[in-house]
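Worksheet for the structure shown next.
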Protein chains: 2
Amino acid sequence: MAEEAAVRAQAETVRKLKQDKADPDEIAKEVTKLLEMKAQLGGDEGKQKFVLKTPKGTRDFGPKEMAIRERAFKAIISCFKRHGAEVIDTPVFELKETLMGKYGEDSKLIYDLKDQGGELLSLRYDLTVPFARYLAMNKITNIKRYHIAKVYRRDNPAMTRGRYREFYQCDFDIAGQFDPMIPDAECLKIVHEILSDLQLGDFVIKVNDRRILDGMFAVCGVPDSKFRTICSSVDKLDKMPWEEVRSEMVGEKGLSPEAADRIGEYVQLHGGLDLIERLLQDPKLSQNKLAKEGLGDMKLLFEYLTLFGITEKISFDLSLARGLDYYTGVIFEAVLLQQDNEHVEESVSVGSVAGGGRYDGLVGMFDPKGRKVPCVGVSIGIERIFSILEQRLEASEEKVRTTETQVLVASAQKKLLEERLKLISELWDAGIKAEMLYKKNPKLLNQLQYCEDTGIPLVAIVGEQELKDGVVKLRIVATREEVRPVARWGWLCDPSAQLTPALQTQWCFQQLL
Amino acid sequence: MAEEAAVRAQAETVRKLKQDKADPDEIAKEVTKLLEMKAQLGGDEGKQKFVLKTPKGTRDFGPKEMAIRERAFKAIISCFKRHGAEVIDTPVFELKETLMGKYGEDSKLIYDLKDQGGELLSLRYDLTVPFARYLAMNKITNIKRYHIAKVYRRDNPAMTRGRYREFYQCDFDIAGQFDPMIPDAECLKIVHEILSDLQLGDFVIKVNDRRILDGMFAVCGVPDSKFRTICSSVDKLDKMPWEEVRSEMVGEKGLSPEAADRIGEYVQLHGGLDLIERLLQDPKLSQNKLAKEGLGDMKLLFEYLTLFGITEKISFDLSLARGLDYYTGVIFEAVLLQQDNEHVEESVSVGSVAGGGRYDGLVGMFDPKGRKVPCVGVSIGIERIFSILEQRLEASEEKVRTTETQVLVASAQKKLLEERLKLISELWDAGIKAEMLYKKNPKLLNQLQYCEDTGIPLVAIVGEQELKDGVVKLRIVATREEVRPVARWGWLCDPSAQLTPALQTQWCFQQLL
């Protein structure tokens with residue numbers, strides 16, 4: 001009975017952890033232990049050996065969520081195709097060494113696979129590094145492609161705000177040697193089109209350039225060796241106030257207070273062409289080669305964005321840094337703006353929904369001879385967009401259909417299963433989306449109820465009289481209205497045409513749907 | 001210089017391994033070692049630190065392969081939707097314990113993730129177990145869904161025959177308590193529709209039932225404890241002759257030669273309703289409860305398939321076993337038949353392209369109280385289908401377009417970049433798929449060449465004269481024919497209508513495309 005006491009003690013441990021809202025991983029661990037102990041004891045209680053959950057930071061998409069997801073994907077894909085992109089796909093894992101040294105401080109978030117003999121593998125962290133590997137491996141120097149797939153980060157999930165450990169990225173990239181800023185401007189146009197199309201509310205696209213940042217760091221007196229780490233501090237300005245970022249720079253990263261204060265002055269600036277012009281005249285910045293190059297290109301970018309008519313939503317923002325190591329030029333990030341509306345729930349966090357930039361060195365890191373392929377691209381943060389669309393839909397009480405079924409094949413009397421099977425087969429073969437209940441003798445009421453529950457617009461009713469007459473009775477579910485009987489099995493629906501039964505059926509449905 | 005000698009020795013090792021066509025994993029390991037040694041030595045040769053490849057058994061899909069893949073998916077998805085299926089998605093990894101004990105001898109092929117703290121995870125091995133976990137977790141007792149996603153098996157890849165370690169499965173399943181064999185028959189109808197639609201050549205769908213197999217094993221004198229292992233021997237009959245399978249049963253698995261010979265007689269049988277009737281009269285089988293049940297249901301299934309008009313392609317085959325542990329009733333597998341054609345390359349292997357069956361116990365394994373949800377489903381083996389479609393396309397020399405671009409915005413003279421940017425932006429905003437070359441002053445010939453290379457049907461040419469006239473010249477690329485100038489920027493294209501510039505553009509393109 002010592003074992004039973006141990007099980008009781010373990011059950012108490014689990015209860016307390018749950019009560020204290022402890023870390024779910026820890027709870028899961030203790031629950032597993034409890035279940036194992038119970039299983040060893042035997043008995044009915046031991047039957048449940050599984051923790052019924054998806055891994056931490058992941059979720060299932062049920063039919064309703066999928067309907068929303070497919071809507072959002074459709075808008076994004078049609079934009080990418082409108083801009084002439086091809087599509088590629090790469091494996092979900094890469095050789096570990098392919099990912100190493102590409103993500104700076106974030107590398108610790110990479111999921112590794114267990115060494116089961118053979119190669120060491122990691123789950124992809126984004127779609128950009130696999131894209132660069134793909135280009136180098138296939139010696140492609142010129143492509144415009146999109147890639148929509150899941151990526152993996154062992155981050156702290158915040159699922160209500162759409163932050164997961166497994167999440168979709170929707171990437172569009174342009175690789176190749178081109179005249180400056182034309183592809184860069186197109187990437188921003190794409191973000192503008194997608195966010196407008198999805199009607200997510202007001203947004204702003206912040207733009208900066210790594211060269212401007214680096215030039216700024218140089219003229220502020222940041223030592224070369226500290227550029228990257230100071231850059232990742234600046235990157236936190238969207239989540240922390242300047243004072244905290246400053247104390248991280250000075251305290252943790254050993255930057256001089258004077259240098260930090262000089263940075264502080266720059267990173268508070270944001271604006272449009274006027275700000276670019278002003279900085280081009282800035283006595284310090286204008287002396288720095290990198291900054292000057294960056295500002296010159298930024299000016300060109302704004303000229304192109306003016307032609308696209310989208311500058312209203314663009315903000316040149318010196319505080320935008322973006323954490324990833326591989327950016328070399330323009331960087332940008334789209335942020336939704338909180339509407340001034342009391343009814344918006346706080347749970348709808350307002351944050352980054354797209355980001356990207358230029359990375360001219362990444363492909364060269366994979367090429368044996370270091371040959372560079374300049375690239376610029378954008379990634380749509382679709383999970384946050386899903387969260388917003390889901391919450392909006394829930395609020396609206398709009399009913400989402402999760403199937404596309406056009407007609408239910410029903411019967412009014414018993415013993416008509418064979419007739420229903422024959423008819424539905426005919427409909428499928430004619431390309432009509434049809435369902436039936438998997439029962440020998442379903443009640444008509446249940447069949448009609450099924451249509452109402454699932455939104456099927458039409459019901460085809462097989463009855464004894466109709467069978468004798470060689471017709472099918474069609475009813476519009478919403479109005480309960482009956483349409484004139486539809487002929488089948490050799491009878492002509494459209495008397496003027498010579499049609500096969502399948503074509504007839506199709507013809508009849510086209511008239512109705 | 002000792003280091004240099006070591007590098008030379010290592011290079012020689014690699015060369016030999018390659019020459020001997022050693023295991024690619026081993027070669028990769030030695031190459032990595034070589035590159036590391038070189039890198040330590042420094043110099044240009046050390047630059048290439050990466051083995052530029054995708055992990056063993058995986059591949060990239062370039063634009064051309066994606067075009068083929070999307071065609072196949074379209075056919076499959078439209079079939080699933082035609083049958084009224086909803087769609088779901090689950091994470092690429094599951095808790096390790098979710099997958100444990102579901103796959104019998106194949107469990108060794110599961111990819112585990114590295115323990116990086118937190119939960120123990122494995123990549124999904126199929127879509128069926130995650131589906132069952134999803135049903136139990138959400139207490140769903142009734143659903144018809146499809147799921148198209150990648151699954152992972154540490155199998156020996158045979159990539160030319162479409163066997164990969166990462167591959168897509170396209171699953172359709174019906175869960176719920178229904179009248180017998182109606183959903184089962186629909187699954188077979190779906191396989192028939194998809195294989196017919198994809199025009200892969202002649203095929204046969206083999207059908208059997210786990211209960212018939214188990215009954216057969218019982219009457220042949222196989223001990224209960226050996227049912228599963230003997231079943232997995234039978235499963236090899238599509239790849240091995242009976243003699244080899246027999247010797248595995250007797251030699252490795254300790255079955256008596258008499259029992260093996262009795263099995264041998266049964267597993268050579270295949271046919272249709274006639275065979276079912278004959279076996280229902282078989283003096284031994286008809287005495288076995290399980291076999292009798294299975295045969296009764298098989299008869300019902302064939303009746304429904306007759307109503308669907310597809311029995312011609314169905315073969316009741318007693319040698320069909322299917323390896324997975326979770327099947328409980330009907331099982332089936334679709335096989336392409338080799339055409340009697342000398343020109344078919346041997347590399348196009350003919351094999352299983354779809355399979356499935358009934359698994360009434362799987363959901364109960366996840367339910368705390370063991371509540372069962374009967375399920376039947378089918379999985380389309382899309383990778384083999386890709387391989388066939390790819391090789392066929394290559395043979396046919398059909399040119400596959402990889403983009404959907406409708407028009408290229410081009411210029412006939414220099415210094416018209418701004419005008420091109422303005423026009424293309426107008427087109428995108430009107431929903432027209434448009435591209436331009438990312439050059440300030442591209443040559444007209446290069447622009448036309450780009451259209452021909454990528455299959456863009458129209459070119460809109462901006463020229464000085466047209467700008468003055470406020471029109472755009474449109475040319476059909478294939479015929480070099482010019483269409484009358486298209487008005488823009490406030491001019492009316494259709495003189496009778498009041499249209500905005502964007503709508504005008506759209507209207508004009510609709511007339512042309």
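Below, read A as the first sequence line, B as the second, and so on, with proteins coming before strands; counting in each chain starts at 1. Just so you know, these numbers use all the heavy atoms, side chains as well, and skip hydrogens, waters and symmetry mates. Predicted model only: the values in this text are computed from it and were never measured.
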Do you know which of B:Lys189, B:Glu303, B:Arg165 has the most heavy-atom pairs under 4.5 Å to chain A? B:Lys189
Does any backbone or side-chain atom of B:Lys439 lie under 4.5 Å from a heavy atom of chain A? Answer side chain, backbone, both or neither. both
Could you give the distance from CD (B:Glu404) to NE2 (A:His83), rounded to the nearest 0.5 Å? 13.5 Å
So which part of A:Lys64 gets closer than 4.5 Å to some heavy atom of chain B, the side chain, the backbone, both or neither? neither
For chain A, the option from B:Trp428, B:Phe308, B:Phe61 that forms the most heavy-atom pairs under 4.5 Å: B:Trp428
Using a cut-off of under 4.5 Å on heavy-atom pairs, state which of B:Ile174, B:Asp115, B:Ile140 scores highest against chain A. B:Ile174
Hey, does A:Val51 have a side-chain heavy atom less than 4.5 Å from the side chain of B:Glu97? yes
Which region of B:Leu437, side chain (C-beta onward) or backbone (N, CA, C, O), has a non-hydrogen atom less than 4.5 Å from a non-hydrogen atom of chain A, or is it both or neither? neither
For a side chain to side chain contact (heavy atoms under 4.5 Å, CB included) check, start with the C-alpha distance between A:Glu65 and B:Ile88, then their side-chain angles and the critical distance, and finish with the verdict. CA-CA 8 Å; A:Glu65 290 92 51; B:Ile88 72 160; over 6 Å; no
Under 4.5 Å heavy-atom distance to chain A, tell me which part of B:Ala85 shows up: side chain, backbone, both or neither. backbone
When A:Arg69, A:Arg133, A:Met181 are compared by non-hydrogen pairs under 4.5 Å with chain B, the top option: A:Arg133
Do any N or O atoms from the side chain of B:Glu166 and from the backbone of A:Val92 form a donor-acceptor pair under 3.5 angstrom? yes
Which portion of B:Leu123 sits near chain A, non-hydrogen atoms under 4.5 angstrom: side chain
Contact origin within B:Ile190 toward chain A - heavy atom pairs under 4.5 Å: neither
Please classify the contact of B:Ile310 with chain A as side chain, backbone, both or neither, using a heavy-atom distance under 4.5 Å. neither
Can any side-chain N or O of A:Gln116 pair as donor or acceptor with the backbone N or O of B:Ile110 at less than 3.5 Å? yes
Chi angles and distances behind the side chain to side chain contact (heavy atoms under 4.5 Å, CB included) call for A:Thr54, B:Thr98: CA-CA 9 Å; A:Thr54 61; B:Thr98 300; over 6 Å; no
Taking every non-hydrogen pair under 4.5 Å, which of B:Leu421, B:Leu408, B:Asn441, B:Thr454 racks up the most with chain A? B:Leu421
Can you confirm whether A:Pro130 sits close enough to B:Asp60 that some side-chain heavy atom of one is under 4.5 Å from a side-chain heavy atom of the other? no
Is the shortest side-chain heavy-atom distance between B:Pro63 and A:Val87 below 4.5 Å? no
Applying a strict 4.5 Å limit to non-hydrogen atoms, the region of B:Glu186 in contact with chain A is side chain
Under a 4.5 Å heavy-atom cutoff, which of A:Ile143, A:Thr306, A:Thr402, A:Leu417 has the most pairs with chain B? A:Thr402
Picking from A:Arg59, A:Lys144, A:Glu94, which has the most non-hydrogen pairs under 4.5 angstrom with chain B? A:Lys144
Which bit of B:Arg401 comes within less than 4.5 Å of chain A, counting heavy atoms only: side chain, backbone, both or neither? neither
What part of B:Arg154 gets within 4.5 angstrom of chain A, counting heavy atoms only: side chain, backbone, both, or neither? side chain
Side chain of A:Glu119, backbone of B:Lys56: donor and acceptor closer than 3.5 Å? yes
Does A:Lys108 have more than 12 heavy atoms from other residues, nucleotides or ligands lying within 6.0 Å of its NZ? yes
For the residue pair A:Tyr438 and B:Phe178, does the interplanar ring angle fall in the parallel (under 30°), tilted (30 to 60°) or perpendicular (over 60°) class? perpendicular
So, does B:Asp179 use its side chain to make a donor-acceptor pair with the main chain of A:Lys440 at under 3.5 Å? yes
Regarding B:Thr403 and A:Glu86, is there a side-chain donor-to-acceptor distance under 3.5 Å anywhere? no
Whatever's closer than 4.5 Å to a heavy atom in chain B on A:Arg145 counts as neither
Bottom line for B:Glu418: the part with an atom under 4.5 Å from chain A's heavy atoms is both
Side chain, backbone, both or neither: which part of B:Leu121 has a heavy atom under 4.5 Å from chain A? side chain
Is A:Asp429 paired with B:Arg82 through a side-chain N to carboxylate O contact shorter than 4.0 Å? no
Give the member of B:Ser425, B:Gly84, B:Pro55 that has the highest number of heavy-atom pairs under 4.5 Å with chain A. B:Pro55
Assess whether a salt bridge exists between B:Asp89 and A:Lys150, defined as any Lys/Arg side-chain N lying under 4.0 Å from an Asp/Glu carboxylate O. yes
Mind checking the OH-CG spacing from A:Tyr152 to B:Leu113? Nearest 0.5 Å is all I need. 10.0 Å
Test item: A:Lys81 and B:Thr405 side chains (from C-beta on) under 4.5 Å apart, heavy atoms: no
Below 4.5 Å, heavy-atom pairs only: which of A:Thr90, A:Leu307, A:Ile456 has the largest tally toward chain B? A:Leu307
Which atoms of B:Glu70 are under 4.5 Å from chain A, going by heavy atoms: the side chain, the backbone, both sets, or neither? side chain
Give, for atom NZ of A:Lys114 and atom OG of B:Ser122, the distance between the pair rounded to the nearest 0.5 Å. 8.0 Å
